[in-house]
K.L.:
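Provided herewith is a single structure, encoded as structure tokens, for subsequent inquiry.
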Amino acid sequence: MRAEPTRQLRLLDLQAVDTRLDQIAHAKRTLPQLAELADLEGKARLIDDQLVRSRTELDDVQREVARAESDVQLVRDRAARDQARLDAGTGTAKDLQAIQHELASLARRQSDLEEVELEVMERAEAAEHDVRELERGRSELTERIRALEAARDEALARLDAEAGQVAAPRDRLVGDVGEDLVTLYEKIRAGSGGMGAAELRQRRCGGCQLDINPVELQRLRSAPEDEVLRCEECRRILVRTAESGL
């Protein structure tokens with residue numbers, strides 16, 4: 001391929017723009033906030049799962065508390081009625097004796113139920129504590145996530161602004177280089193890690209950073225100025241400058 005030396009030199013400017021745009025794109029993909037956010041969001045999902053289980057457990061225990069309280073109250077009400085009958089002294093001696101036996105039985109039953117009630121209330125208190133701690137941890141995590149999201153958005157906005165400034169002259173550079181040379185450059189760039197053209201500087205390829213061997217160097221010296229050269233090693237376009245050492 002042939003292209004005027006000025007077009008080839010402009011290719012280096014285009015490459016500089018594309019290299020910086022690639023660096024900005026890489027910086028956006030690898031923002032430190034992204035990895036930390038992914039970690040915190042994973043932790044948030046775990047806490048949310050734990051909260052669902054803990055709240056379900058708390059609801060179950062609270063229902064047990066309500067049942068235990070109801071059972072105790074039923075016994076207390078029955079005992080109160082019996083005590084009232086006993087205090088009134090109505091009925092036969094046999095009836096009053098039966099009431100006394102029932103009151104003793106109800107007292108034992110109430111004691112047993114109150115132990116159950118206490119145990120269930122202790123479990124309810126522990127479950128409430130677990131839910132409060134999880135909710136506190138989730139709230140703190142939410143604040144950290146929001147702060148990181150704000151930092152991420154700020155960094156992305158800054159990089160997007162820079163990308164816009166860097167990319168501004170690209171269309172003009174493409175026009176200066178010419179469609180034929182740009183087509184070759186883009187094809188090479190796609191398969192060479194984003195670098196399609198490199199400066200030949202001090203007898204070294206600016207792409208693969210390898211010195212040009214003497215035989216190839218002699219060929220490059222004798223090549224016409226408008227010939228588009230390629231590196232023998234990496235196949236990138238080699239652009240000659242005053243620093244090429246030819």
K.L.:
Over all heavy atoms of both residues, which pair between Ala167 and Val17 is shortest? Give the atoms and the distance, please.
P.N.:
CA-CG1, 4.4 Å

K.L.:
When you check the gap from the basic side-chain N to the acidic O, do Asp180 and Arg7 get nearer than 4.0 Å?
P.N.:
yes

K.L.:
Write down the atom of Val174, the atom of Leu14, and the distance for their closest heavy-atom approach.
P.N.:
CG2-CD1, 4.1 Å

K.L.:
Answer yes when Arg132 and Glu135 have at least one side-chain N-carboxylate O distance shorter than 4.0 Å, and no when they do not.
P.N.:
no

K.L.:
State plainly whether the residues Arg2 and Asp226 are in salt-bridge range, i.e. N to O under 4.0 Å.
P.N.:
yes

K.L.:
With a 4.0 Å cut-off on N to O distance, would you call Glu114 and Arg76 a salt bridge?
P.N.:
yes

K.L.:
Backbone N or O of His101 within a donor-acceptor pair of the Ser105 side chain at under 3.5 Å?
P.N.:
no

K.L.:
If you apply the rule side-chain contact (heavy atoms from CB on, under 4.5 Å), what do you find for Glu117 with Met121, and how did you get there?
P.N.:
CA-CA 6 Å; Glu117 180 186 23; Met121 291 177 69; 3.8 Å; yes

K.L.:
Could you measure the distance from the CD atom of Gln8 to the CG atom of Leu238? Nearest 0.5 Å is fine.
P.N.:
10.0 Å

K.L.:
Should Glu140 and Arg136 count as an ion pair when the cut-off is N to O under 4.0 Å?
P.N.:
yes

K.L.:
Using modelled atom types and a 3.5 Å cut-off, is there a donor and acceptor pairing between side-chain atoms of Arg201 and backbone atoms of Glu243?
P.N.:
no

K.L.:
Does Asp71 have any side chain to side chain contact (heavy atoms under 4.5 Å, CB included) partners at least two apart in sequence or in another chain, and if so, which?
P.N.:
Leu113

K.L.:
What distance do Arg78 atom CZ and Leu103 atom CG have between them, rounded to the nearest 0.5 Å?
P.N.:
9.5 Å

K.L.:
Quick one: do Arg63 and Asp60 make a salt bridge, cutoff under 4.0 Å?
P.N.:
yes

K.L.:
Between Gln209 and Arg204, is the side-chain contact (heavy atoms from CB on, under 4.5 Å) condition met? List the steps.
P.N.:
CA-CA 6 Å; Gln209 299 299 318; Arg204 172 176 291 188; 3.8 Å; yes

K.L.:
Can you tell whether the side chains of Glu57 and Arg123 come within less than 4.0 Å, N to carboxylate O?
P.N.:
no

K.L.:
Mind listing the closest non-hydrogen atom pair of Ile212 and Leu217 along with its distance?
P.N.:
CG2-N, 3.6 Å

K.L.:
Salt bridge between Glu143 and Arg146, side-chain N to carboxylate O under 4.0 Å?
P.N.:
yes

K.L.:
Let me check something: any side-chain donor-acceptor pairs from residues 40-53 under 3.5 Å, sequence neighbours excluded? List them with distances.
P.N.:
from: Lys43; atom 1: NZ; to: Asp39; atom 2: OD2; distance (Å): 3.4
from: Asp48; atom 1: OD1; to: Arg138; atom 2: NE; distance (Å): 2.7
from: Asp48; atom 1: OD2; to: Arg138; atom 2: NH2; distance (Å): 3.3

K.L.:
Taking the side chain from Gln110 and the backbone from Val75, do they hold a donor-acceptor pair closer than 3.5 Å?
P.N.:
no

K.L.:
For Cys234 and Ser192, which heavy atoms make the closest approach, and how far apart are they?
P.N.:
O-OG, 4.5 Å

K.L.:
Is it the case that the side chains of Glu232 and Asn213 hold a donor-acceptor pair, with the cut-off being a distance below 3.5 Å and no angle test?
P.N.:
yes

K.L.:
Given side chains that start at C-beta, do those of Leu229 and Ile237 come closer than 4.5 Å, heavy atoms only?
P.N.:
no

K.L.:
Between Gln15 and Gly196, is there a donor-acceptor pair closer than 3.5 Å when you use the side chain of the first and the backbone of the second?
P.N.:
yes

K.L.:
Is the closest basic N to carboxylate O distance between Arg240 and Glu225 below 4.0 Å?
P.N.:
no

